[in-house]
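Chain letters run A, B, ... following the sequence lines, proteins first, then strands; residues in each count from 1.
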There are 2 protein chains.
Amino acid sequence: MSDESRTHTGARPTLAAVAQLAGVSNSTASLAFSGTGPVSDATRERVLAAARELNYAGPDPRARSLRTGRSGIVGVVIEEHVRDAFRDPIKIALLDGISQELAVIDAGLLILTDTGEAAGRIQDASMDAVVLIGCSPRLDESIAALRQRGIPLVAIEGDPSGDVLTIGQDNREATRLAAQHLWDLGHRDVALVTLPLDRDRIRGPLTPEREAHGSSNTTMERLAGARDVFPDAVAFTARGSFVEEGTIAGHALLDDPNHRPTAIIAQSDLLAAGVIRAAEELEIAVPGDLSVVGFDGVRVDGLWPYDLTTLVQPAVEKGRAAGAAIVEMLDGEAPEPIGFTSEFHTGNTTAPPSR
Amino acid sequence: MSDESRTHTGARPTLAAVAQLAGVSNSTASLAFSGTGPVSDATRERVLAAARELNYAGPDPRARSLRTGRSGIVGVVIEEHVRDAFRDPIKIALLDGISQELAVIDAGLLILTDTGEAAGRIQDASMDAVVLIGCSPRLDESIAALRQRGIPLVAIEGDPSGDVLTIGQDNREATRLAAQHLWDLGHRDVALVTLPLDRDRIRGPLTPEREAHGSSNTTMERLAGARDVFPDAVAFTARGSFVEEGTIAGHALLDDPNHRPTAIIAQSDLLAAGVIRAAEELEIAVPGDLSVVGFDGVRVDGLWPYDLTTLVQPAVEKGRAAGAAIVEMLDGEAPEPIGFTSEFHTGNTTAPPSR
DNA sequence: CTGAAAGCGCTTACAG
DNA sequence: CTGAAAGCGCTTACAG
């Protein structure tokens, strides 16, 4: 027997080789591994012994997935580089929620970035389903190809769109609520710090032209909510949801003592924390001379003693909803779109304006 | 022609259907898509037109990967849950570095957790290669199966082991350096806060028994380095590299005013930040009454005005080295193991003991 | 430049 | 409980 096994070194052993050595057919060997069909204990044992002898590690996943039509892999497409996505606690919470639900069907999580150049990966990977995080399913070419492939697609906060299931968030209504809170406190001169407008992620003042061409659903909805209350608010767009970006934006909006807003609405907590940092550097008291609101409800280390006024969104829940929807779709069901609601949290970073 | 296309609705179109509609052979249609072989422009155009007509989105990745033997997917196995891994800046830096290099070969990143129950995924996923982060390749069963499969394996800070390429770190020497720094300052009563000892991640005082059975390479090496200078140091093991865990450990080591160390060596910066937080809560001055050193050299938000004395490790570089090694191995080369060195950074959290 | 044929390694009805 | 056969959808030498 060990002679026989030696003839198989070099190339990886196959199920056929194992079957041959065990003296059974391919089908029986296959059943012995999958545990699906009825195989006698003696036969199974013979097959497993042959596998051990040949150093066979089990059926090749590639062949199995061609045959069964399933790869056991669910793709997650993010818009930015891996490094940036992983710095955003909201994105991590989403991934966490997704992976919790996918664990149920034992699927792996394939991280794909859609930064333009690497679009090939999106089309060439064997995936059973795909979750889009913050991508615009309507516009994107590589995503169009996925839709054509007909695999289940779920978009978290994407543009609602025909064949893509959307997990939504009340971005506009929630931001409007925060803006109204500032209005009610007496603020009239309010500035905005926005998330990126599109995949290009250009930092700078938000001009009407750029605003007209914004394609990021989340950014545009939160912007609309703020504009519902403060239509003419000055705005500055950050390169991403990072504290440093908030600080840069804060300085851009606050450095000139003659043109300072009394409040700033930031589209994320990290941006808000950065704005507060900029205010500290400029010796502007928060909330005495500047009110700040965020969005997300994530814990920002080092913000203490500030308790940020913000909109708490259920990020892990959203991820779980996306994961659960994928599981249902793979099961042939057609789940309904889901909308999530944020909760307004009144912290100690907002107060009536001092002037 | 549109009648012909209609007959294909329902099932996904295949390359064969496209070839038939275009009036060419399978091989020619395949070449038209891959762009590999010589195909006349006219023929290619006819194939692509047929594909458009049938709504064919390109060759099925599953079939292609069975045929070519490559899936374009590289697995990354982490030991903990997704959520925990993504909270650790070092792990994110490693992933970032890996993904930078994998972008070169346009490979996707499949995140797999090795928390015990989900081990099936590790064996069943089609991957061209695997990077192990902080797993012990020697002990783990699911990883043994990967080795048997014969795909390239790279371990970051794993136990050096036969057929697994190791990307190392001078954990022991570096920690010894930090311990010596404390010794030179005059500290004799030093306590340790360690990372988890094994996959079970149990929090609590480090007993000799538990220490004897520790399996996490990184933890054990850093522990050995500290013991080189302070053989009898009391130690407390955290559940993971988080600020809160450091705070818990800090309280465990500092709450009793009669048995307080004059210095604490934490095995990560996040743990060190937590220890400092605990000290603040107990009104113990750092570095006046307590010196604290960390490991990693990551920016911890909210630590200011402290500048942590720590060992700066090149995490992104390590990730890149792992990614580059994978690329080489997939190319048939046999790269050498690499060892990385940490740099000692003297901050303002260490000083001579006050007693 | 194009086609006919083999085969990647498996799973799954279908018989027996 | 076991086997013979078909086929998942593609790519790749090999001819021509």
Side-chain angles (χ1 to χ4, degrees), chain A residues 8 10-47 50-51 54-72 123-128 148-151, chain B residues 8 10-47 50-51 54-72 123-128 148-151:
Chain A
H8 287 281
R12 291 282 106 206
T14 66
L15 183 61
V18 172
Q20 194 192 336
L21 178 58
V24 300
S25 70
N26 276 3
S27 357
T28 302
S30 175
L31 294 178
F33 273 101
S34 71
T36 314
V39 181
S40 73
D41 287 352
T43 306
R44 183 195 319 279
E45 198 34 67
R46 217 143 29 95
V47 171
L54 294 180
N55 240 320
Y56 179 70
D60 183 327
R62 280 179 282 259
R64 189 216 292 272
S65 96
L66 173 58
R67 184 54 230 229
T68 62
R70 286 286 171 89
S71 65
Q123 296 179 43
D124 284 347
S126 343
M127 304 177 283
D128 295 339
Q148 217 178 100
R149 233 177 246 292
I151 65 177
Chain B
H8 287 281
R12 291 283 105 208
T14 65
L15 182 61
V18 171
Q20 195 192 334
L21 179 58
V24 301
S25 71
N26 275 3
S27 356
T28 302
S30 175
L31 294 177
F33 273 100
S34 70
T36 314
V39 182
S40 73
D41 287 350
T43 306
R44 184 196 316 279
E45 196 37 62
R46 219 146 24 99
V47 171
L54 294 180
N55 239 320
Y56 179 71
D60 183 327
R62 280 179 282 259
R64 189 216 292 271
S65 97
L66 173 58
R67 183 54 229 229
T68 62
R70 286 286 170 90
S71 66
Q123 295 178 45
D124 285 347
S126 343
M127 304 177 284
D128 295 339
Q148 217 179 100
R149 233 178 245 294
I151 65 178

Legend entry - Any side-chain heavy-atom pair of A/Pro61 and B/Asp124 under 4.5 Å: no
Legend entry - Any donor-acceptor pair under 3.5 Å from A/Ser126 side chain to A/Ser71 backbone: no
Legend entry - A/Ser25 to A/Ala19 - nearest heavy-atom pair and separation: O-CB, 3.7 Å
Legend entry - Contiguous Watson-Crick or G-U pair runs (3 or more, under 3.5 Å) in DNA chain C: C:1-3 with D:14-16, C:5-12 with D:5-12, C:14-16 with D:1-3
Legend entry - Sole residue of B/Val39, B/Asn26, B/Val24 in side chain to side chain contact (heavy atoms under 4.5 Å, CB included) with B/Leu31: B/Val39
Legend entry - Flag side-chain contact, heavy atom, 4.5 Å: B/Arg67 against A/Leu66: no
Legend entry - Any donor-acceptor pair under 3.5 Å from A/Arg12 side chain to B/Gln148 backbone: yes
Legend entry - Under 4.0 Å protein heavy-atom contact, by nucleotide of nucleotides 6-16 of chain C - B base, S sugar-phosphate only: BBBBBBB----
Legend entry - Non-hydrogen side-chain atoms of A/Thr14 and A/Gln20 separated by less than 4.5 Å: no
